Amino acid sequence: MATTIPPPPSPFPHMKPLLSLSPLSSLSLPPFNPKPPNVSSSPLTQPNPTHHHHSPSPFAPRRLLRLAVDRRDLDLGRAAHAAAVKAQDIEDTRLGNALISMYLKLGRLSDARKAFDALPSPDVASFSSLISAYAKCGRPVEAAGLFCRMRFLGVEPNEFSFVAILTSCIRQLDGRLGSQVHAFAVKTDHCSCVHVSNALLGVYVKCGCASAADQLFGEMVERDVSSWNAVMLGMVEECRYDEVFRLFNLMQMEGYHGDGFSLSTLLTAAAHGFGGAGGEAVHAYALKIGLELDLSVGNALVGFYTQFGCVEDVADVFWRMPIKDVTSWTGMLTGYMEFGMVESAVDIFDQMPERNCVTYNALLAGYCHNGEGARGLDLFRHILENDLEISDFTLTSAINACGMVSDLKTSEQVHAFMIKSGCKSSSWVEAALLDMCAKCGRIEDAEKMFTSWAHEESFPVAWTSLICAHSRCGLHFEALHLFQTGLRRDDPVVMDAFALAMILGLCGTLGFVELGQQLHCVATKSGLLSDVEVGNALFSMYAKCGRLEDATSLFSQMPQHDTVSWNALIMAYLIHRQGDKALDVWDSMNMVGVKPDFITFLLVISACRYTRSNSVDVCHKLFQSMESSYNIIPTSEHYSAMVDVLGYWGSFDEAEQLIKNMPSKPNASVWRALLDSCRLRSNMTLGRQAAQSLLELEPQDPSTYVLISNLYSASGRWHCSEKVRQDMREKGLQKHPVRSWITHHSTMHSFYARDRSHPQSKDIYSALDILILECMKAGYEPDTCFVLHEVEEYQKKNFLFYHSAKLAVVYGLLISGPDQPVRVVKNIHLCGDCHAFMKYVSSVTGREISVRDASGFHNFRAGVCSCGDYWSELGYSSSTSDQSVLQPDGCMTVRETLF
DNA sequence: ATAGGGTTAG
C-alpha cells in the first residue's frame, strides 16, 4: 500500500500568502462570476459516488476516502490520494475537495493545503473548508489571505465562507474586520442566513461590541438557539449576569428550548455573579432535561460549584461525567486548588490524560493561591526547561510566585528573564512585575516602573500595588499621597473593590475616620458595598477608629459574612478590650456555622485576657478544641497567646507546663509573653528565666537590646547602656520612628517626642506645661524610670513630659470642642507614664480622651482607663516582635521594673 | 478551564 504521495506542485508558486489585510471595502471587486455558488449542501459533504461518472469500483478513491475518515486511518487516506492521482482524477474539483476534507478531518492541515494547491480551479467549497480550518487553529492571516484570493479569482463567497472568515475574526478578536465582513455580507445578501448572523453575533460579543450585537440580534429575521446563546454569552462578557437569566426566560417564552450551551452560559453567569441559588436551579433544570452530564454543562457546573459550593459537589459532578475533556480536568484541578486541597489537585494533574498550557497555568496559579510560592517557581522552572508553551498567564503567575517567596535575588533573576525574553510587553505582566518588586523590597524599582508606566489598562492595579507596598513598609503618608495622585489625574482612577478595601485599611490604621466615611459613601453609591471584602474593610475601619457602634450596625447590614467578617467583629471587641463580648461573638459564629480559621483562634484566645472573670478554663478549652474539633494545628503564635492569657490570670504553673509541652522549641514571642506577664504580676523568678531565654534566643532582636539596655540603666550603668544602644544603631536595627497623631478637619497633626515643628508648638508647649502642673497638683508623679537616657534628673523630666502622645493629646484638647472626645493614635504602645498622665488629664479637664496604641484603645474618662490599668506592653497578641522598642521618643515597651 | 491588587492576624 502506498504510504506517501509527493505533493503536487503548487499552481500558484508566485503567490505568497497575504500577510497584511487591507480593509475589504478597499478591495476591488472581481468581475461577476456567472456560475451560481453551491449553497445547497455543506461544501465538504459531497457523497453519492454512485452518481459520479467515474468508476463505481469499491476501490474508487472517493469510497476509500470515506472509509479512511471513518476509520481515522491516515495511511488509507493517502492510498486514496494515490489512487486518485493514478486515475488522473486529481484535477477534478469535487474529488479534490473530498481529499481536502479527508486531510482536515484527520488533522493534517498542511496536507490539505497541498491538495488545495494542486487544484487548478478551486471552488467556493475548497476555499471555505480551508479558511475554516485556518480560522479554527488560530491562523487568521492565512484565513483572511485565502478569503482575499478567493475574491480575486472571482469565486463568490457563500454562507460557509462567511461563517469561516468570521470564525477567524473571533479567534483574533478583530471586531473591525468583523464589521467589514458584516457590511460585505449585507451587500451580498448573506445576512439572512442564520448561521452567518450567528457567527457575526459571536464576533461582536467576543470583541466587546455589545451594542452592535444587540442591534444585529434585534434585526435578525430568523433566530435559533445559537443566536440566543450568543447574546447570552455577550451578557456574561459584559458582567450583566442577571440579564442572562432574563434572556433565557425570554427565549423560553418564544418557544425555544435551551441546549447545553444555554445552560452552561447560565451557570457561568451564576458562578461569576451572585447567583448561588440561580446556579442550583439551573443544575436542577439540567437534571430534569437530562443535560446534567453534558460536557459543557458539566464543565460549567464544576466551575459554578467551585465558586458557590463545596469541594464534594465539584468532585461529584466531575467524576460522574461520562466524557471529560482537558477543560473538565483543568476545572477539577482548579476546584481542588480553590478549596486549598493542593495535593488532590496535583493528583488530578498526574491523572490527566492530556494537558495543555492552560492546565499548567492553573496548577501554577493554584500554587500561588495556596501560598506555595516555592513550588510554583519549581513548576515554572520545569516549564522552561521542557520548553512547554508559556503565555501571559504563566508569566504573571510565575512573577506572583516570586513575590511570594519574597527573595530579592530570585526576583531579580525572574525580572531579568522577563526582559531578556521580551515578554514584558503585556500590561498584565508589567503590573505583576511592579507588584513583585514592591513585595521583594525593591520599592524604588517599583516606583521607577510606576513613573514610566505606559499602559493605561492595568494602571489601577499598579497604583493599588504601589500604595499597598508603601503602607506595608509603614510609609502610610506616602501611600495616601499616591492615593491622591491617582484621583487627581486627568483621567482619574476609578476605584474598584480592591483599591477601596485597601484605602479603607489605611484609614483604619491611621484613624482617618473622615476619609473613611467619605469612602463609605463611595462604596454605597458605586454598589461596591455589597462586596464582602469591602464590607469587611469598612467595618474594620470603623472599629479601628473607635466607632464601635457604627461598626456593629454596619455588620448587621452586611448582606453576607465570611470568616474574615466574623474575625473582624471579634477583633473589634478585642481592641476595645471587651473580652466577654468577643467570646459571645465566637458563640454566635458557631451557631451560624461559620468555619473559624487560625486567626479566629488567635483572637478568641487573646480575648480571654479581657474577660470580667477568670477565663483560663475557657481558653484551655478553646485551645484544645482547635485541633480536635476544627483540625487547625496550633502555631507558636497560638502558644504565645495562651501563655499571655495564662500569665495574665496568674496561672504561671500552667503557662510553664504549656511551654514545656510545646511540640517545637519555644520561640521568642512565647518568652516575651511570659516576661510581660511576669512584669505585670511581679513574678521575678520566672521573669528572669524568661528574659534569659529571650536573650539566648534573639541576641539580634532590637527588643532584646532594649532589655539589656534597660537592665543597665536601671542599675545606673549608663555607659554600658549607651554602648548597647550605639551597637544597635550601628547594626541598623532602628525601625520606624515613634509618633502620635490626631486628625482634625481632614488634616493630620503628627508629633514626635520633643517635636517643635508644629506651627502652634509654642501654644502646645505652654498648655502642656500648665496641664502638667495641674495634674501634679491632683497627684500625678512623673515616673522617670521611663526615661532611658543618661541625663540629669531635671532633664529626665524634660524628656518625659514631651512624649509624642502628650503633645498630641494637648493639641487635641486645644482644637476640639469641650464635649468632644479627643482621639489620638500612637503607632506603638503608650508608656506607663503617659498612661498615668492621661488618667489625670481626663479628671482634671473633665474631657474624654481616647488613645489607640498598638494594643488597642485606652479610653480615659474621669481618671479611669478602660484598660483597667492592666494593659499589655506587648499588644493583645504576644507574637508581636515589637518594632517600636527603640524609639527616641522614650516610650519603651519593656520596662526595667523586673530588675 | 488559567492571571494582578485588598479585607481579619502580624
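Everything quoted here is computed from the prediction, not taken from an experiment. So that the names make sense, note that chain A is the first sequence line, chain B the second, and so on, each numbered from 1.
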Going through the distances and angles, do N356(A) and T359(A) end up as a side-chain hydrogen bond (donor to acceptor under 3.5 Å, both in side chains)?
CA-CA 5 Å; N356(A) 62 18; T359(A) 314; 2.9 Å; yes

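The side chain of A537(A) lies closest to dT7(B), out of dT7(B), dA1(B), dG5(B). Set against dT7(B), dA3(B), dG5(B), the side chain of D392(A) has dA3(B) as its closest nucleotide. Here dT7(B) is the nucleotide among dT8(B), dT7(B), dG5(B) with the atom lying nearest to any side-chain atom of A501(A). Listed nucleotides: dG5(B), dT2(B), dT8(B). Nearest to the side chain of V358(A): dT2(B). Closest contact between the side chain of S540(A) and the listed nucleotides dT7(B), dA1(B), dG5(B) involves dT7(B).
The residue V534(A) sits close to a base: some heavy atom pair falls under 4.0 Å. Within the 4.0 angstrom heavy-atom criterion, no nucleotide atom of any strand lies near N299(A). Using a 4.0 Å heavy-atom criterion, one finds that A365(A) contacts the sugar-phosphate atoms exclusively. Residue K324(A) is out of contact with every strand shown, counting any heavy-atom pair closer than 4.0 Å. At a threshold of 4.0 angstrom between heavy atoms, the contacts of D531(A) include nucleobase atoms, whether or not backbone atoms are also involved.
Remark: ring of W428(A) stacked against base of dA3(B); centroid gap under 5.5 Å, plane tilt under 30°.
Evaluation of atom-type donor-acceptor distances gives a pair under 3.5 Å for the side chain of N356(A) against the base of dA1(B).
In this structure, the CD1 atom of I570(A) is 19 Å from the P atom of dT7(B), given to the nearest Å. The interatomic distance linking Q560(A) (CD) with dT7(B) (C1') rounds to 13 Å, in whole Å. For the pair H272(A) NE2 and dA3(B) C1', the computed distance is 13 Å after rounding to whole Å. In this structure, CG of L301(A) is placed 12 Å from P of dA1(B), rounded to the nearest angstrom. Look at CG on L569(A): it is 14 Å from C1' on dT7(B), rounded to the nearest Å. In this structure, the CD atom of E338(A) is 12 Å from the C1' atom of dA1(B), given to the nearest Å. Rounded to whole Å, atom P of dG5(B) lies 16 Å from atom CZ of F450(A). Rounding to whole angstrom units, CD1 of residue I599(A) and P of dT8(B) are separated by 9 Å.
Proximity of a side-chain donor or acceptor of R577(A) to a complementary backbone N or O of F857(A) within less than 3.5 Å is detected. The main-chain N or O of G366(A) is found under 3.5 Å from a side-chain atom of N370(A) such that the two form a donor-acceptor pair.
In this structure, a donor-acceptor pair under 3.5 Å is present between the side chains of S328(A) and D325(A). There is a side-chain donor-acceptor pair under 3.5 Å between N536(A) and D562(A).
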